[in-house]
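These notes are about the structure you will find just below.
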Amino acid sequence: MDEPDLGPSPAQEISFLSPESFSTLDEYSKNPRFIELQEELRGVLFARASGENASFDVAADQQDGDDAEAESEHPPPPPPQHGFDFTRVSIPKLTLIQYLKNWIIECAPYLDKFDHARHFAVHVPIMAAGSPALFYAVLAFSARQAERRKTGLGSSAKNCDSLELYQESIRLLLLERPGSSSSATVLVTACVLAVMELMSGSPRNWRRHIEGCAALFDLFQVNGFSGGVLQAVFWCYARMEVCGAIISAGAESTVLALQSWAPPIPGRVVAGGAEGGADAFVRDAFYRSSLESSDMHANWAVYLCAKACDLLYRHTRATELREPDRQDRRPFAVQWRALWGHLQFWLKSRPDVSLPTLVSEDNGQTFPTILFAHYPAISSNQVYHATCLIMLDMRPRHEPVPLPEGSAVWHARRVCGISLTNPHRASLINAIQPLYLAGKLLTHTAEHVAVGKLFKIIEETTGWGALWRLRDLEIVWGYMPGEILAAMG
């Protein structure tokens, strides 16, 4: 698999991005070693995806004794065994145990937000006991989250623990012998490290963090219906894709082609020659699966948002670059109408647990109160409203859409109301990009301050960078940088 031309490297990106691009990121994101390790990880993942056996080459070099010093400093991993190895880094064992505890209690729920089986909290630690690369990836993620939150657990580490753990995970991933039994652990390791990078690095450089994962999903033919931990890790990856596609604002589509997100389309459907037939097949697959699992109904919302971002990308290419749409030859208005119909079908087919427990429009607050008792329902309904915002922004002229669904402001106010009413941390992380889309439509200072407070809460309680999006909104709203933060007191 040839590596695509992906534009500037992270180091090059730093030279031309404005300081505001790093507004909520510490010096860690610009650490030369962190940037080097990102590139090293990409190389390892692409080598895996292309079938290159880098681990055997490294092992052979060590056996030949060409670099005895490096061998003594970085001995090869022992044969797979069940049990955590705390001896590979200079960090005290007690600290590493605390990082593992923090993963289970604090970090994994962020990634399990649509998964009642809690694969990242329950199953990933079990897998990590037999995979040193995955174990150190989990520790690196947890350490970085603690550092970002500036808690007592990570405050004394001075941003060093996560970097050392990140480096060790990459080294162990390089040395791990490939095989069918390791496919799942490699995918989970790559996904955990990608999320850690997005939490730590420039969010505008999102593609470089996830394209290695995309290559592995393509290689192993894992999709959103694969079941078990593979399905869980896919949808964790998919949420990263959607966040990045929203950030690109139509300039880019998803890294992994959308036809790879669902089961293969049968030949009889493809032979029919109607793109709408393929869409209907995928819709029905999601619907049948969602009848068995409300989690899958939430994942369906993520897929529809990715579809809207892809439609925006293709529409932008067609209107601004006069580039013909070879992916779907139907007129744009027909494509838009079909996707809007799928969105409304998603809304009408919500299971009871995905419906709001309470809705109050006249509550004396800035935004409506919309309470959910089911955690996946929080984000999935918010993603639905955010997707409608994307769709309405490119609605074809004279395309009738009944109210209130046809009102972008109506959707924007619900995006904000959902976050204000449901302070579930995992859902707040997923709300950063929807809040940005909604915020662009708000006009009153009280609304701006309320959204600003949400971004501040997200960053302080979860460790995820969010205030950089508030600074983007300040530009849209016409404020000076930091003016809304100052108004919040």
Side-chain angles (χ1 to χ4, degrees), residues 10-11 14 22 24-42 44-45 74 84-111 120-121 124-125 128 131-174 188-203 205-206 208-210 212-213 236 240 425 429 458-466 468:
I14 288 174
F22 298 95
T24 63
L25 303 173
D26 50 32
E27 291 301 315
Y28 187 101
S29 63
K30 294 174 280 186
N31 185 317
R33 183 56 183 150
F34 175 63
I35 295 171
E36 290 172 4
L37 287 171
Q38 290 181 58
E39 292 304 294
E40 186 176 334
L41 176 61
R42 288 179 73 252
V44 171
L45 297 181
H74 299 295
F84 299 119
D85 182 359
F86 295 94
T87 65
R88 297 184 169 276
V89 291
S90 63
I91 304 167
K93 180 178 179 180
L94 182 60
T95 302
L96 296 178
I97 292 174
Q98 290 299 314
Y99 286 145
L100 183 58
K101 180 180 177 181
N102 186 58
W103 166 268
I104 295 171
I105 296 174
E106 185 73 24
C107 301
Y110 297 169
L111 310 184
F120 282 95
V124 167
S131 171
L134 176 56
F135 177 52
Y136 281 94
V138 163
L139 294 178
F141 185 106
S142 179
R144 187 65 192 129
Q145 189 267 350
E147 292 162 0
R148 287 282 301 167
R149 287 186 65 196
K150 304 293 190 293
T151 63
L153 178 60
S155 58
S156 62
K158 296 181 180 179
N159 292 343
C160 295
D161 283 2
S162 61
L163 193 61
E164 183 178 356
L165 295 164
Y166 177 51
Q167 176 177 284
E168 185 63 12
S169 177
I170 295 172
R171 189 185 73 84
L172 291 166
L173 189 61
L174 173 66
V188 177
T189 303
C191 184
V192 169
L193 292 178
V195 181
M196 178 205 155
E197 288 181 357
L198 284 170
M199 179 170 54
S200 306
S202 170
N205 198 31
W206 62 279
R208 298 191 71 84
H209 301 302
I210 65 174
C213 295
C236 177
M240 290 190 284
R425 288 184 179 178
I429 291 171
I458 293 170
E459 181 147 325
E460 291 179 349
T461 62
T462 70
W464 245 261
W468 68 279

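Index from 1, following the sequence.
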Please walk me through it: do Trp103 and Leu111 pass side chain to side chain contact (heavy atoms under 4.5 Å, CB included)?
CA-CA 10 Å; Trp103 166 268; Leu111 310 184; 3.7 Å; yes

Hey, mind stepping through Glu106 and Arg425 against salt bridge (Lys or Arg N to Asp or Glu O under 4.0 Å) and telling me if it holds?
CA-CA 9 Å; Glu106 185 73 24; Arg425 288 184 179 178; 2.6 Å; yes

Tell me, with the steps shown, if Leu96 and Phe84 meet side chain to side chain contact (heavy atoms under 4.5 Å, CB included).
CA-CA 10 Å; Leu96 296 178; Phe84 299 119; over 6 Å; no

With side chain to side chain contact (heavy atoms under 4.5 Å, CB included) as the criterion, how do Ile91 and Leu139 come out once you've worked through the C-alpha distance, each side chain's angles and the decisive distance to 0.1 Å?
CA-CA 11 Å; Ile91 304 167; Leu139 294 178; over 6 Å; no

Please determine whether side chain to side chain contact (heavy atoms under 4.5 Å, CB included) holds for the pair Asp161 and Tyr99, giving the CA-CA distance in whole Å, both sets of side-chain angles, and the decisive distance to 0.1 Å.
CA-CA 10 Å; Asp161 283 2; Tyr99 286 145; 2.7 Å; yes

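Of all non-hydrogen atoms in Cys236 and Val195, the two that sit nearest each other are SG-CG2, 4.0 Å. Closest of all the heavy-atom pairs between Leu41 and Glu197 is CD2-OE2, 3.4 Å. Ser142 and Cys107 make their closest contact through CA-SG, 3.8 Å (heavy atoms, listed as atom of the first residue, atom of the second, distance). Nearest heavy-atom pair across Ala128 and Leu134 is N-CD2, 3.8 Å.
Rounded to the nearest 0.5 Å, atoms CD1 (Ile170) and CD (Glu39) are 10.5 Å apart. Taking SG of Cys213 as the reference point, atom CE of Met240 lies at 5.0 Å (rounded to 0.5 Å). Rounding to the nearest 0.5 Å gives a distance of 11.5 Å between CG of Leu193 and CG of Leu198. One finds the CD atom of Glu168 at 4.5 Å from the CG atom of Leu172 (value rounded to the nearest 0.5 Å). Rounded to the nearest 0.5 angstrom, Ile35 CD1 and Arg33 CZ are separated by 11.5 Å.
Remark: the backbone N or O of Ile458 is paired with a side-chain donor or acceptor of Thr462 at under 3.5 angstrom. Under a 3.5 Å cut-off, the side chain of Glu164 and the backbone N or O of Ser90 do form a donor-acceptor pair. Formation of a donor-acceptor pair under 3.5 Å by the Gln145 side chain with backbone atoms of Gly463 is not found in this model. In this structure, the side chain of Glu460 does not engage the main chain of Arg149 through any donor-acceptor pair within 3.5 Å. Ser169 places a side-chain N or O within 3.5 Å of a backbone atom of Ala133 that can act as its donor or acceptor partner.
Looking at Arg88 and Phe135, their side chains never come closer than 4.5 Å, going by heavy atoms from C-beta outward. Taking 4.5 Å as the limit, some side-chain heavy atom of His209 sits within range of a side-chain heavy atom of Gln38. Using a 4.5 Å heavy-atom threshold, the side chains of Leu37 and Leu163 count as touching. Between Glu459 and Trp464 the shortest side-chain heavy-atom distance does not fall below 4.5 Å. Side-chain contact between Leu165 and Val138 is absent, with no heavy atoms from C-beta onward closer than 4.5 Å. Using a 4.5 Å cut-off on side-chain heavy atoms (C-beta onward), Asn31 and Glu36 make no contact. A 4.5 Å side-chain heavy-atom check between Met196 and Val192 finds every atom pair outside the cut-off.
Taking the six-membered ring for Trp and the full ring otherwise, the centers of Phe34 and Tyr166 sit less than 6.0 Å from each other.
Taking a cutoff of 4.0 Å between a charged side-chain nitrogen and a carboxylate oxygen, Glu40 and Arg171 do not qualify as a salt bridge.
Under the 3.5 Å distance criterion, with hydrogens and angles disregarded, no donor-acceptor pair is assigned to the side chains of Gln167 and Tyr136.
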